[in-house]
Amino acid sequence: MNNITTLLDPLNQQQRQAVTAPLEHLLVLAGAGSGKTKCLTHRIAWLIETNQAGPHNILAVTFTNKAANEMRYRIESLIQRPTRGLWVGTFHSIAHRLLRIHWEEAQLPQTFQILDSDDQLRAIKRIIKALRLDEKTWSPKQAQQFINARKDDGIRPKDIVAEPQDDWLVQMHNIYQTYEQDCQRSGLVDFAELLLRNYELLRDNSTIREHYQQRFLFIHVDEFQDTNTIQYQWLRFLTGEQGKLFVVGDDDQSIYGWRGARIENIQNFSHDFLNTQIIRMEQNYRSTGTILAAANALIAHNQGRLGKNLWTQDSAGDPIYLYAAYTETDEAQFVVEKIQAWRGQLKDIAILYRTTAQSRQFEEAILQKGIPYRIYGGLRFYERLEIKDMLAYLRLPFHRNDDGAFERIINTPKRGLGDRTVETLRGIARQQNLSLWQAAQIAIDTKQIKARASHNLSTFLNLIEQLAQHKDLPLHEQVQQTQMASGLQPHYQKEGKVEAQRRLENLEELINAARQFEQNHQGSQTLLADFLDHAALEAGERQSGRFDDCIQLMTLHSAKGLEFQVVFLCGLEEGLFPHQNSLEEAQLEEERRLCYVGITRARQRLYLSHSESRYRYGQRDSSTPSRFLGEIPPEHLQSLRPRSAKPLTQTHNYQIGQRVKHRQYGIGTIINKEGQGKLARIQIQFKHQPQWLLAAYARLEKL
DNA sequence: GTGGCGTGGCTTTTT
DNA sequence: GCCACGCCAC
């Protein structure tokens, strides 16, 4: 009993209500910083501690490995024992786990391999080539998006009806179909396929479905607003008639619509799952009153919300500072100055921006001052070139028909097997519907390639045969041996450049990762296969920070779920944020949610900035402040004047119909005026097209 | 097989 | 303006 008190004591009234809610479906609308993870983990611990559920009756699903790991750790701390039988994982890892168990019913080979996005793109490229389509017209990236979007919606090639005159759809369909056949033939499963296959498995197999429905009586979902169609349907099957869903999410933080997330899933939840109780957690433990007021006011501009208003017991705090920069360099300069004036830890500061490209100006400015920083983004450990090559060397000996792995390493390091040879092999493979491995053997036997290449090819095939003999070594030794024998390590050693040195370090790190994995998975009969799955499903850390205490630079998307004492939200300009490509109503609302996410990352102090002009695609363009700035009540904002030059003219000096001269655009007429004061904008019809300009800084000459 | 040049595209990202 | 990629020439 004592334990239950400890479980419930740290909770506020809404949190406690959610944690101890009756065993029915529950939708927790958890605002930013309201204790979402706490709510989930305490609910699960509460179910166990009150003996209402055994751990093996509980399933908890997240989107990221990070969230899954944290949840497991926190549950274990709460119940003070390992969570045996309790499944906690990402949608993908749980789907993968089920497919490994039920591979046969899912019509997969037992040894199916996971294809990451990069592998998938390469596979699609191969197919487009094989279909003799022009890569410019039929871009592999577009095809990849097409395929994944269909899969996210549960659409198979056979479900697509393409009218013959719809050339685009006909070809996309064609590529999708070929891709699906190829994957099936070689036993490859991409990320979207993991979910779709799983959904179909439950849909088509009542024995399996009922088994898991009876087992997982309590299903918990984190970040529910990010679920896509197939994840939602999968949850419906898994829940069945008896299961109870406990979902936590925030429709106002749905920012992944562009990759298939359906905000409707949270909006319609109580229609699809009857007797759903809805609990709102609106008390915020993160930000000042002012920051919350700004966030609330901004998000109120969205339609069709489930509705929520964040509040705090804390004080209003500082105003939100607004800086109107002249240029992106000026903007970065401003941020750096404020950082230098900060007396706390650097890791409490985040610079957030809409697009990755914006990071450079900040990086340069920070670098100049020698302030330690860390940029999120970039390649993850298992995505690195040399690591992927190595993984291919580990895979091919045991999956000879894996064309992706074959193509990746046939000439890495260089061994005289260039495009000509590979093209010949592809031709043979295509003609006889074989894998490249099989084609290679035929090519040698039938002397379809020249003597030298043939000799090199035999050497390569022998190498792979030889690598297969390492299978009984401990995993890390197997990795080590393969690195040497493949020639990859000696290759980088010979090169001796700084770049090569880094790659060598990464290869070394892979051996460590293998050793670690061995220790964590003792007794597994399929260690190498498990390791390869792990590499695909958990891409590992991004570029590791060399410093513990450093400024955090990241896109708004990567900032979700994090919090900082000080946040700089930069580039608040029309066309950049909201982004040019997101000006349609539905997308605009997602941009606004993104802005809401950004604002609510700040605990204590928030700086907003925009620039009067900005380099875009090699041109300096003038830009107007983001409409989102106008949606924040001015009383919460405090403008900081730019340090150099003063505004040349006051807004109220301009009249509609007035003729003006701009140093860049020439002579024009004012046709529109919007807003007041510093953020006011005027629209001017110049010779070619109308331009919106920030009135205060437009540097216009009256005529 | 490699390096150099030209062209296109250019929002966000996890698994 | 910058980068990535494809093609072509050596």
Side-chain angles (χ1 to χ4, degrees), chain A residues 61-68 89-96 114-122 125 129 134-137 139-142 144-145 148 151-152 189-196 198 222-223 226-228 230-231 254-261 328 352-361 376-380 382-383 411-422 452-453 456 533-540 542 554-561 571 575-583 587 590-591 593-595 597-598 614-621:
Chain A
V61 198
T62 65
F63 278 87
T64 66
N65 291 302
K66 196 175 154 204
T90 62
F91 276 99
H92 290 86
S93 74
I94 286 165
H96 171 247
I114 302 171
L115 215 58
D116 70 18
S117 330
D118 183 59
D119 299 334
Q120 184 189 36
L121 186 62
R122 285 161 182 268
K125 266 188 196 162
K129 273 206 187 106
D134 176 25
E135 274 196 42
K136 293 222 171 86
T137 327
S139 108
K141 275 227 175 74
Q142 250 182 39
Q144 185 182 31
Q145 275 168 18
N148 288 337
K151 288 192 179 191
D152 286 345
V189 176
D190 61 47
F191 289 135
E193 183 77 23
L194 283 170
L195 302 176
L196 180 51
N198 225 259
D222 190 17
E223 305 275 20
D226 289 336
T227 49
N228 65 29
I230 213 71
Q231 286 162 336
S254 163
I255 55 171
Y256 287 112
W258 53 275
R259 64 178 198 213
E328 66 281 348
L352 308 183
Y353 34 78
R354 177 65 179 85
T355 68
T356 326
Q358 285 165 261
S359 69
R360 231 193 59 206
Q361 70 199 50
Y376 286 68
L379 283 188
R380 316 273 218 75
Y382 288 108
E383 289 167 355
N411 202 28
T412 312
K414 307 273 179 270
R415 48 172 72 90
L417 294 167
D419 284 350
R420 280 291 291 277
T421 314
V422 176
R452 173 138 84 186
N456 292 342
D533 286 344
H534 164 82
L537 282 175
E538 213 165 322
R542 296 192 177 277
M554 65 190 86
T555 63
L556 284 156
H557 282 90
S558 345
K560 192 169 130 198
L576 184 62
F577 191 27
H579 195 272
Q580 200 62 52
N581 305 349
S582 307
L583 295 180
Q587 292 178 56
E590 184 154 313
E591 294 282 303
R593 291 193 289 267
L594 193 54
C595 188
V597 166
R614 188 176 290 276
Y615 259 120
R616 281 250 242 172
Y617 310 140
Q619 268 205 333
R620 179 158 290 283
D621 284 341

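Below, read A as the first sequence line, B as the second, and so on, with proteins coming before strands; counting in each chain starts at 1. Note that the coordinates shown come from a computational prediction; the quantities given were computed from them, not determined experimentally.
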| query | According to the 5.5 Å centroid and 30° plane-angle thresholds, does A:Phe91 stack upon the nucleobase of B:dT15? | reply | no
| task | Would you mind telling me which of B:dT12, C:dG6, C:dG1 lies closest to the side-chain atoms of A:Tyr615? | result | C:dG1
| remark: By nearest-nucleotide position on DNA chain B, the 5'-leaning member of A:Thr355 and A:Leu537 is A:Thr355
| said: Using a 4.0 Å heavy-atom cut-off, does A:Glu591 contact any base of the nucleic acid, only the sugar-phosphate backbone, or nothing at all? | reply: base
| query | Does the side chain of A:Arg380 get closer than 4.0 angstrom to OP1 or OP2 of B:dT13 through an N or O atom? | reply | no
| Looking only at N and O atoms, is any donor in the side chain of A:Ser117 or the base of B:dT15 less than 3.5 Å from an acceptor on the other one? | yes
| request: Round to the nearest Å and state the distance from A:Tyr382 atom OH to B:dT13 atom C1'. | output: 20 Å
| query | Side chain of A:Glu223, backbone of A:Thr64: donor and acceptor closer than 3.5 Å? | reply | no
| Below 4.0 Å: OP1/OP2 of B:dT13 and any side-chain N or O of A:Thr555 | yes
| query | A:Ser582 near the nucleic acid: base, sugar-phosphate alone, or nothing, with a heavy-atom cut-off under 4.0 Å? | reply | base
| note | A:Gln358 atom CD is separated from B:dT12 atom P, nearest whole Å, by 9 Å
| Centroid under 5.5 Å and tilt under 30°, A:His92 to B:dT15 | no
| note | Of B:dT13, C:dC2, B:dT12, the nucleotide closest to the side chain of A:Arg360 is C:dC2
| task | Using whole Å, report how far CD of A:Gln144 lies from P of B:dT13. | result | 15 Å
| query | Are any of A:Asn65's side-chain N or O atoms less than 4.0 Å away from OP1 or OP2 of B:dT14? | reply | no
| request: Using a heavy-atom cut-off of under 4.0 Å over every strand shown, decide if A:Lys141 touches base, sugar-phosphate, or nothing. | output: nothing
| remark: Separation of B:dT13 atom C1' from A:Leu594 atom CG, nearest Å, is 12 Å
| remark: Testing C:dG1, B:dT14, B:dT12 for proximity to the side chain of A:Arg259, the answer is B:dT14
| message | If I take atom CG from residue A:Asp226 and atom OG1 from residue A:Thr62, how far apart are they, to the nearest 0.5 angstrom? | response | 11.0 Å
| message | Can you confirm whether the side chains of A:Glu328 and A:Gln358 place a donor and an acceptor under 3.5 Å from each other? | response | no
| query | Okay, side chain of A:Gln231, backbone of A:Phe91: is any donor-acceptor separation there less than 3.5 Å? | reply | no
| request: Measure the NE2-CG distance between A:His579 and A:Leu594 for me, rounded to the nearest 0.5 Å. | output: 11.5 Å
| task | Measure from the side-chain heavy atoms of A:Lys414 and tell me the nearest of B:dT12, B:dG1, B:dT14. | result | B:dG1
| said: If I pick the C1' atom on C:dC5 and the same atom on B:dT12, what distance separates them, to the nearest angstrom? | reply: 23 Å
| Nucleotide nearest A:Gln587 when distance is taken to its side chain, options B:dT15, B:dT11, B:dG1 | B:dT11
| Taking the side chain of A:Asn411 as heavy atoms from C-beta outward, which of B:dT13, B:dT11, B:dG1 is closest to it? | B:dG1
| task | For C:dC3 and B:dT14, measure between their C1' atoms and round to the nearest Å. | result | 24 Å
| Between B:dT13 (P) and A:Phe191 (CZ): distance, integer Å | 16 Å
| message | Between C1' on B:dT14 and NZ on A:Lys151, what's the gap in Å once rounded to a whole number? | response | 16 Å
| said: Need one value for A:Leu417: base, sugar-phosphate or nothing, where a base atom within 4.0 Å counts as base even if backbone is also close, heavy atoms only. | reply: sugar-phosphate
| query | Pick the nucleotide of DNA chain B nearest each of A:Arg415 and A:Ser558; which residue has the one closer to the 5' end? | reply | A:Arg415
| query | Quick one: A:Leu196 CG to B:dT15 C1', roughly how many Å, whole number? | reply | 15 Å
| Atom C1', compared across C:dG6 and B:dT11: separation rounded to whole Å | 25 Å
| Student check: side-chain heavy atoms of A:Arg354 and A:Thr555 closer than 4.5 Å | no
| task | Could you tell me the separation between the OH atom of A:Tyr256 and the P atom of B:dT14, rounded to a whole number of Å? | result | 6 Å
| query | Using the ring of each side chain (for Trp, its six-membered ring), is A:Trp258 parallel, tilted or perpendicular to A:His557, with breaks at 30° and 60°? | reply | perpendicular
